[in-house]
Amino acid sequence: MENHYDFQSIEKKWRAEWEKNPINKEDDVKPRYYCLDMFPYPSGVGLHVGHWRGYVLSDVVSRYKVLQGYQVLHPMGWDAFGLPAENFAIKNNVHPSVAVKNNVANVKRQLHEISAIYDWDREVNTTDPSYYKWTQWIFLQMYKMGLAYEKEMPLNWCPKCKCVLANEEATGGVCERCGSVVTKKNLRQWMLKITAYADRLLEGLDRLDWPEKVKKMQSDWIGKSYGAEINFKVVDSEEAITVYTTRPDTLHGCTFMVLAPEYKGLDKIVTADQKEAVDKYCFDASTKSSVDRMTNKEKTGVFTGAYATNPVNGKQIPIWVADYVLADYGTGAVMCVPAHDERDYEFATKFQLPIIPVIRPFDAEEDPTECYTGDGIMINSGDWNGMKAFEAKKAVPDMLDKMGIGKKTVNYKLRDWVFSRQRYWGEPIPIIHCEKCGVVPVPEEDLPVVLPDVESYKPTETGESPLAHIDSWVNTTCPCCGGPAKRETNTMPQWAGSSWYFLRYVDNHNDKEFASQEALKKWMPVDLYVGGIEHAVLHLLYARFYTKVLYDCGVVPFDEPFKKLFNQGMITKFDPTTGKSAKMSKSVGNVVSPDDLTRKYGCDSLRMYELFVGPPEVDCDWDDSGIDGVYRYLNKVWKFFATYKDQCIAPTKEMEYLRNKLIKDITDRMEALTMNTVISGFMEYTNKIIDLTKKQGGVDRQTLETMIILLAPYTPHIAEELWHEMGHTASVFEEKWPEYDPSKLVQDTVEIALQVNGKLRGTMEIAMNEDKDSVLTRAKELLESKFEGKSVVKEIYVPNKIANFIVK
RNA sequence: GCGGCUGUGGCGGAACUGGCAGACGCAUCAGACUCAAAAUCUGACGCUGGUGACAGCGUGUGGGUUCGAGUCCCACCAGCCGCACCA
């Protein structure tokens, strides 16, 4: 055994050996653990040190579970449809599938450098027809269930990507992918009725071991609110307007009403003399971008000339039109209570509409003069006077129901999912349009509908897919009547393939079904899902939705796919010129490649350093220089073994304590997924073990072997090498994760802190659980000089920890 | 604007249920080895005062609870993230 650490030959040797003899063999007797990474987009840029972080983390957990006796599913695949490959194809005039193939080969080569225990036999690629056949099949099931439907409506349109966006992809009015300001375009598109699952998507969150932040983001996105619908009659008209409100308690304070510019039936309400003004206002609103409508908070509006009757007090209130009311939320009509709603207050102030307070704060003497949104006592509200507002809020809907003027109802912010895209590189939507039969789904036996080759991948301005120009593909026969028909030319969004890929891994070679019930039962749901937080309301919401749909189809036996979620923090790079940290990207030119680091320090060092840089869920600036620390550590371990492994002594009591404490601390921290403290723990205990070894002139074999096994998930190559150096012929991963003996953790003596008036004035060694009086007496003697002649008025003793004397 | 998270040495960060703040590592400095450098090893390393043992201060700021607060409570400041007129 050499006296230095030759990581190059060690890593090469064991990587080849594990290739031949995988360490995570199929074994149906063992309990199972499914550890999943968010599968990557095979980008041409390749992996940087930020990608490693999540992959190393999940691999450490996977190897830890292997050592704990689990059979682990740790697969990898490619989310390969989507715009980057397509844009690359347009620019370089190569087929996207060729670019994907090259990129997959390159990224796969880089992934091998991590030495993760991926089961490559289970690899999936969303762009393989054998994969997207099932993506299309799932769409057909949704169509059959009435969950996929076509609708024409104003949609988010990204002028740069030249394609529609789902609401989730257009938050803040900008394109999630390219950052362009989104415009509205009226198009007929395929939609998925995710709103039908709003309640279940909300309720299911309670059962998940996910970061609270992500659960909150999803629940805010779903945005459930409780309230009432209330009917108002339009004065001198047959028309009626139904509003949605979460504050029915304030109904008596409603002094006007506002309709969205896109309100259906607006024409029938507007009076002749106001028609021109209203039409102009509505036209102007329609040309405003959603960003303008969102950021320009100055209220605008126009009077319709019409009045409605407040159903509880008969008062006539003016009906206005204003773009601060959204057409697609609630009923598109709002009852306005300026005394108790900030927006209505602003509007009323601007247009000099009456403000009537109907709630007085509990502690107030007088009625509020400004907008007040809190709880209080009802006033100016007829029969409701004297009620508590927030109690009235709950009681009023039922009262309105009995009076026949309203009803209790709930609303959601969640909208249906715009599912079609006007681009080439995606799954064709398996639908045929027949003049005679209308919309006809492609029969399941005709799947997959293969994406045809096309001359130009370029998207169009009109919202038409490039596929529309391939006559030979578009023109087909109707499966229903046999007559001429046309294929749907839109493709699915990139999210389609990623919404169910975790199901395919469990049975990826199955050509009869997307996965067998048996395999699904065996592996699903995923035990640990590791990935970035950027998918909090995109992929993660969609995947939950798909799972629930498939559950309702009876093809999966669970309705939540991911039991535990872990979001690893992003690795950023600090830029001294701007003083800020930025995400690593090729265009910024701040990418740190793992290749140079593995060449210089080895895979084991980089794996360890990736997790040592900080808490794994926290973002972190990359700094190469710290890797020296872990490299030195591994060399220290190597030298320690080289020096002592061949002259082991019998275990000593002190070493037994250290060994058991090491096992306990590492295991506890491992379970908490605080890998940075696991590694500092390794370093701390290794230092202690080495010191003790030097002191007692040797170390026992069990301590050495325990160290190797505990290190193995982090630094598998050096661990395997040391394990074999210890004389073993089987892999270290055949071993069992060690358990500690609590009785060995009890020490005879312990050092306690001594305080005078809460200030540290010394320490003292005592026997474990020594009698209180004995401790205090000895402590007082020790502290005599610190009392400065004052007398002790109080003694506080926390057993085995601290003694504090209060003197006066 | 609303909501959430975070704030500890020169730096990354430790500190389980309130109990010796700064573990572990990086950087720096000193020493050893060397003709020299690198590597390695040993030691120092929060700030202030003192030759010194020691003393005072110290976890964003200001209050509070407690024998005792990085940790709990209140108010504020700064940074990051999410949502953005959802009635």
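Chain identifiers are assigned alphabetically (A, B, ...) following the order of the sequence lines, protein sequences preceding nucleic acid strands; residue numbering begins at 1 within each chain. Note that the structure is a prediction, hence the values are computed from the model and not measured.
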Please list residues of residues 212-220 of chain A whose heavy atoms come under 4.0 Å from any atom in RNA chain B, ordered by number; otherwise none. A:K213, A:K216, A:M217
What integer distance in Å separates [X]:[atom1] from [N]:[atom2]?
X	N	atom1	atom2	value
A:E262	B:C85	CD	P	13 Å
A:Y633	B:C41	OH	P	14 Å
A:R247	B:C85	CZ	C1'	17 Å
A:E684	B:G13	CD	C1'	13 Å
A:D341	B:G1	CG	P	17 Å
A:Y685	B:G25	OH	P	14 Å
A:N567	B:G4	CG	P	19 Å
A:D668	B:A14	CG	P	17 Å

Classify [X] by what it touches in the nucleic acid, base, sugar-phosphate, or nothing, heavy-atom distance under 4.0 Å.
X	result
A:R761	sugar-phosphate
A:T763	base
A:V613	sugar-phosphate
A:I796	base
A:E342	nothing

If you measure from the [atom1] atom in [N] to the same atom in [M], how many Å do you get, rounded?
N	M	atom1	answer
B:A39	B:G18	C1'	46 Å
B:C33	B:G22	C1'	32 Å
B:A78	B:U65	P	28 Å
B:C47	B:G10	C1'	13 Å
B:C29	B:A37	P	13 Å
B:C20	B:A38	C1'	40 Å
B:C5	B:A53	P	45 Å

Pick the closest RNA chain B nucleotide for A:V334 and for A:G626 by heavy atoms, then say which residue is nearer the 5' end. A:G626
Between A:T677 and A:G762, who's closer to the 5' end of RNA chain B by nearest nucleotide? A:T677
Could you work out, with side chain to side chain contact (heavy atoms under 4.5 Å, CB included) as the rule, every residue matching A:N167, not counting sequence neighbours? A:N156, A:W221, A:R415
Applying side chain to side chain contact (heavy atoms under 4.5 Å, CB included), name anything that partners A:A753, two or more places apart in sequence or on another chain. A:L760, A:I802
Take A:W320 and A:F256 through the test ring pair (Phe, Tyr, Trp, His ring centres under 6.0 Å) and record every step on the way to the result. CA-CA 7 Å; A:W320 285 63; A:F256 62 100; 7.4 Å; no
Can you spot which of A:V49, A:L57, A:V60 makes a side chain to side chain contact (heavy atoms under 4.5 Å, CB included) with A:E610? A:V49
Parallel, tilted or perpendicular: which describes the rings of [X] and [Y], with under 30° parallel and over 60° perpendicular?
X	Y	result
A:F347	A:Y324	tilted
A:Y631	A:Y601	perpendicular
A:Y609	A:W622	perpendicular

Residues in ring-ring contact (aromatic ring centres under 6.0 Å, His included) with A:H539, at least two apart? A:Y529, A:H535
Quick one: is [N] close enough that its OP1 or OP2 comes under 4.0 Å of any side-chain N or O from [X]?
X	N	result
A:N676	B:C24	no
A:N687	B:A23	no
A:Y329	B:A87	yes
A:S225	B:A87	yes
A:R632	B:A27	yes
A:T171	B:C83	yes
A:K759	B:C57	yes

Donor-acceptor contacts under 3.5 Å from residues 246-254 of chain A side chains, at least two apart:
residue: A:R247; atom: NE; partner: A:D249; partner atom: OD1; Å: 3.1
residue: A:R247; atom: NE; partner: A:D249; partner atom: OD2; Å: 3.3
residue: A:R247; atom: NH1; partner: A:T373; partner atom: O; Å: 3.3
residue: A:R247; atom: NH2; partner: A:D249; partner atom: OD2; Å: 2.9
residue: A:T250; atom: OG1; partner: A:R247; partner atom: O; Å: 2.8
residue: A:H252; atom: NE2; partner: A:S381; partner atom: O; Å: 3.1

Atom pair CD (A:Q568) and SG (A:C620), whose distance is rounded to the nearest 0.5 Å: 12.0 Å
Measure the OG1-CG distance between A:T304 and A:L266 for me, rounded to the nearest 0.5 Å. 7.5 Å
Of the candidate nucleotides [options], which contains the atom at the shortest distance from the side chain of [X]?
X	options	answer
A:M683	B:G25, B:A87, B:G13	B:G25
A:W221	B:C83, B:C20, B:A87	B:C83
A:S680	B:G19, B:A87, B:C24	B:C24
A:L760	B:C24, B:A87, B:C20	B:C20
A:K639	B:G19, B:C24, B:U40	B:U40

Can you give the dot-bracket line for RNA chain B, where a pair is Watson-Crick or G-U wobble with both atom distances under 3.5 Å, crossing pairs use [ ], and | marks a partner on another strand? (((((((..(((......[....))).(((((.......))))).((((....))))..(((((..]....))))))))))))....
With a 3.5 Å cut-off and heavy atoms only, can you find an N or O donor on one side and an acceptor on the other between the side chain of A:K299 and the base of B:C85? yes
For the base of B:C20, is there a side-chain donor-acceptor partner from A:E751 under 3.5 Å away? yes
Using a 90° cut-off around 0 for syn, call B:G49 syn or anti. anti
Would you confirm whether A:K350, through its side chain, and A:K299, through its main-chain N or O, come within 3.5 Å as a donor-acceptor pair? yes
Considering residues, nucleotides and ligands other than A:K408, do more than 12 of their heavy atoms fall under 6.0 Å from its NZ? no
